[in-house]
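Reading through the structure tokens given below for one structure.
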Amino acid sequence: MDKKEVMQTLETIAIYQEIAGENPFKIAAYRKAAQALEREARTLEEIGRPEALNGIGKGTAAVIEALRDTGKSEVLDELKAKVPAGLPVLLQLPGLGGKKVGKLYQELGITDAASLKDACEQKQVQTLPGFGAKTEEKILDALNATNERPERLPVAFMLQVAEEMEAALRQFTVVNRFARAGSLRRLKETVRDLDYVISTDDPEHVRDQLKALAGIAEVVADGEKKVSLQLDKGYPVNVDVRIVSDDAFASALHHFTGSKDHHLLMRRIAKAQNEKINEYGVEDSETGKITTFRNEKDFFAHFGLENIPPEAREGTIETEWYQKNRENIDLQQVMGDLHTHTVWSDGANSIEEMAKAAIERGYTYMAITDHSRFLQVANGLSEARVLRQQEDIREANEKFDNIRIFSGIEMDIRPDGTLDYTDETLRQLDFVIASIHSAFSQSEATIHARLNAALDHPCVDLIAHPTGRLIGKRQGYGVDLDWLFKRAAETGTALELNANPNRLDLSADALKRAVDQGVTIAINTDAHRAEGLGQMAFGIGTAKKAFLLADQVLNTWPLEKLESHLKNKRMLTEK
Ligand code: DGT
Ligand code: CA
Ligand code: CA
Ligand code: ZN
């Protein structure tokens with residue numbers, strides 16, 4: 001485990017101990033140890049012996065070392081065996097932390113959501129110290145609400161389910177090839193169910209393997225060409241699997257990728273050349289002859305089109321757009337990631353580890369942008385610390401000669417509309433991101449005033465996650481996007497497409513409007529660990545959905561062009 005995972009596990013141990021009703025001093029020791037690691041800018045390997053740190057004793061040090069070396073902890077395993085499995089999920093309910101769940105367990109013998117619901121209905125919960133009638137009512141409301149699955153689930157959640165599903169499909173025998181289809185392949189923000197197409201010469205055997213998968217709550221349909229499963233992922237999640245022969249694979253994949261509106265556009269084009277498209281191939285309307293395709297690229301080529309990426313297939317302008325060979329954006333064109341975190345604030349990896357990961361991705365530049373001091377929960381950097389970090393970044397630049405590492409910051413725009421750093425500090429940084437992380441409920445006018453403080457500042461290069469939304473979880477703050485696009489364009493401030501699938505902020509719709517108004521976009525992962533850099537793919541997928549061109553995206557530019565662009569805002573606006 002890396003440092004961040006260890007910290008999270010220490011917190012998990014503390015919570016389990018609270019539920020189990022263990023000694024408060026012991027619990028506090030785990031939290032203290034996690035805080036000691038949080039304060040440290042070094043990685044676990046660099047720290048060496050955890051006991052050397054203030055706040056870490058013998059017992060917690062042993063746990064940290066075990067987690068670091070083996071990813072496991074006996075203490076946690078024992079707690080997990082001891083605490084009823086239905087209790088930890090109750091932590092998701094409003095107002096319930098480890099201590100309160102512990103009380104429910106120890107005082108009322110509650111062990112899961114069902115027994116908690118009973119206790120609420122019998123008004124037993126309000127009798128406990130620290131709980132009132134209001135708390136009880138809130139818990140009951142939440143319990144009733146969580147039983148219902150929303151019609152559509154956030155893409156980040158479904159991506160996880162899909163990755164597990166695909167890990168299992170890769171183990172199947174007698175499969176020629178398989179692919180994700182449906183709205184998840186199109187990278188819609190929310191997804192109703194998962195769709196797959198599998199090519200095989202032995203459908204019977206594939207069906208058997210599907211029905212034998214782990215975690216199936218129900219086999220919904222079991223036909224020769226289609227098997228539908230319901231998985232239990234906390235919510236019921238349906239998976240439709242189409243089983244086809246290999247010559248029909250490309251057409252089936254296109255058909256079940258959709259969207260329905262995209263199919264309408266394609267059928268019109270087919271009709272004009274006297275053909276019909278179906279899930280088996282393309283049929284000549286006169287002779288009835290069916291043409292099949294090796295892959296989707298060949299399918300689109302049959303209609304004189306470029307290979308339309310799934311993300312763009314929403315039935316809007318894609319069939320016109322992909323007739324011409326434009327500089328459409330692609331993952332290979334990304335030259336760097338301009339929003340990344342390290343152990344200096346709330347990231348899991350060191351500057352060097354992040355730089356190595358960026359080099360492995362073939363990047364020629366990157367920006368290290370840890371949080372600024374206002375964001376205390378993320379161990380935000382004081383101005384003195386960011387300047388010390390700059391020294392380390394300078395060293396890393398000397399060590400790695402195949403990547404340019406910008407020394408940057410993700411600076412908070414504070415609730416009172418002031419920026420978190422002085423001009424003097426900002427001037428010393430290569431890349432300045434401004435972000436809103438607080439006071440989301442302020443009026444639109446107040447939010448705009450906050451954004452103006454950043455937009456009008458000569459050193460601010462980028463506004464990160466411009467709406468603050470979390471898909472399916474949080475709406476974001478009140479900002480008039482067309483106002484923001486106008487201001488970003490006139491001040492030469494770039495706006496972010498945050499590639500984290502929980503965010504995708506700006507959205508595809510917003511992005512299209514932004515570039516139409518002359519805004520420059522930066523697609524960043526906001527990675528808090530080295531593997532996080534891989535989320536760039538979701539940013540590029542969203543960019544394809546928005547029909548962005550490479551030239552509209554800052555971090556596809558060569559280093560020299562990017563650097564002169566960054567100088568420009570400072571020169572034009574600095575007095
Ligand atoms: P969702 O609602 O998030 O599951 O969205 P999709 O697009 O994944 O919809 P789904 O799962 O009902 O179907 C997958 C694809 O299969 C859909 O995008 C297009 C194709 N498809 C399904 N039913 C029909 C239909 O009645 N007509 C046509 N033309 N295509 C269909
Ligand atoms: Ca679907
Ligand atoms: Ca479906
Ligand atoms: Zn960030």
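Quick note: numbers below take in every heavy atom, side chains included, and nothing from hydrogens, waters or symmetry partners. Ligands are counted one by one from 1 in listed order, and the atoms in each one are counted from 1 as well. Being a predicted model, the structure only gives us computed values, none of them experimental. In what follows, residues are counted from 1 in the order of the sequence shown.
Put simply, the side chain of Thr319 does not reach to within 4.5 Å of the side chain of Phe303, judged on heavy atoms. Side-chain contact between Lys297 and Glu306 is absent, with no heavy-atom pair separated by less than 4.5 Å.
Under the rule for a side chain to side chain donor-acceptor pair (under 3.5 Å), the partners of Glu275 that lie at least two apart in sequence or sit in another chain are Gln273, His302.
Arg186 counts as a contact of ligand 1, since one of its heavy atoms falls under 4.0 Å from the ligand.
Under 4.0 angstrom from ligand 1, there are no non-hydrogen atoms of Lys188. Residue His263 touches ligand 1 through its side chain alone, judged by heavy-atom distances below 4.0 Å. Here Asp195 has side-chain heavy atoms under 4.0 Å from ligand 1, and that is the only part of it that gets that close. Within the 4.0 Å heavy-atom criterion, neither part of Asp240 lies near ligand 1.
Salt-bridge formation is detected for the pair Glu296/Arg185: a Lys NZ or Arg NE/NH1/NH2 atom is positioned less than 4.0 Å from an Asp or Glu carboxylate oxygen.
Ligand 1 has an N or O atom lying under 3.5 Å from an N or O atom of Arg267, backbone or side chain. An N or O contact shorter than 3.5 Å is missing between Thr190 and ligand 1 by distance.
Listed here is the closest heavy atom pair of Met366 and Ile368: CE-CD1, 4.0 Å.
No option in Glu320, Lys324, Gln323 other than Gln323 meets the side-chain contact (heavy atoms from CB on, under 4.5 Å) test with Leu305.
If you look at Phe300 and His254, their ring centroids are closer than 6.0 Å. For His465 and His437, the ring centers sit closer than 6.0 Å to each other.
Using a distance-only test at 3.5 Å, with no hydrogens or angles considered, a donor-acceptor pair links the side chain of Arg469 to the main chain of Leu504.
Panel detail: the Ca ion (ligand 2) has protein N, O or S atoms under 3.0 Å away, 3 in number.
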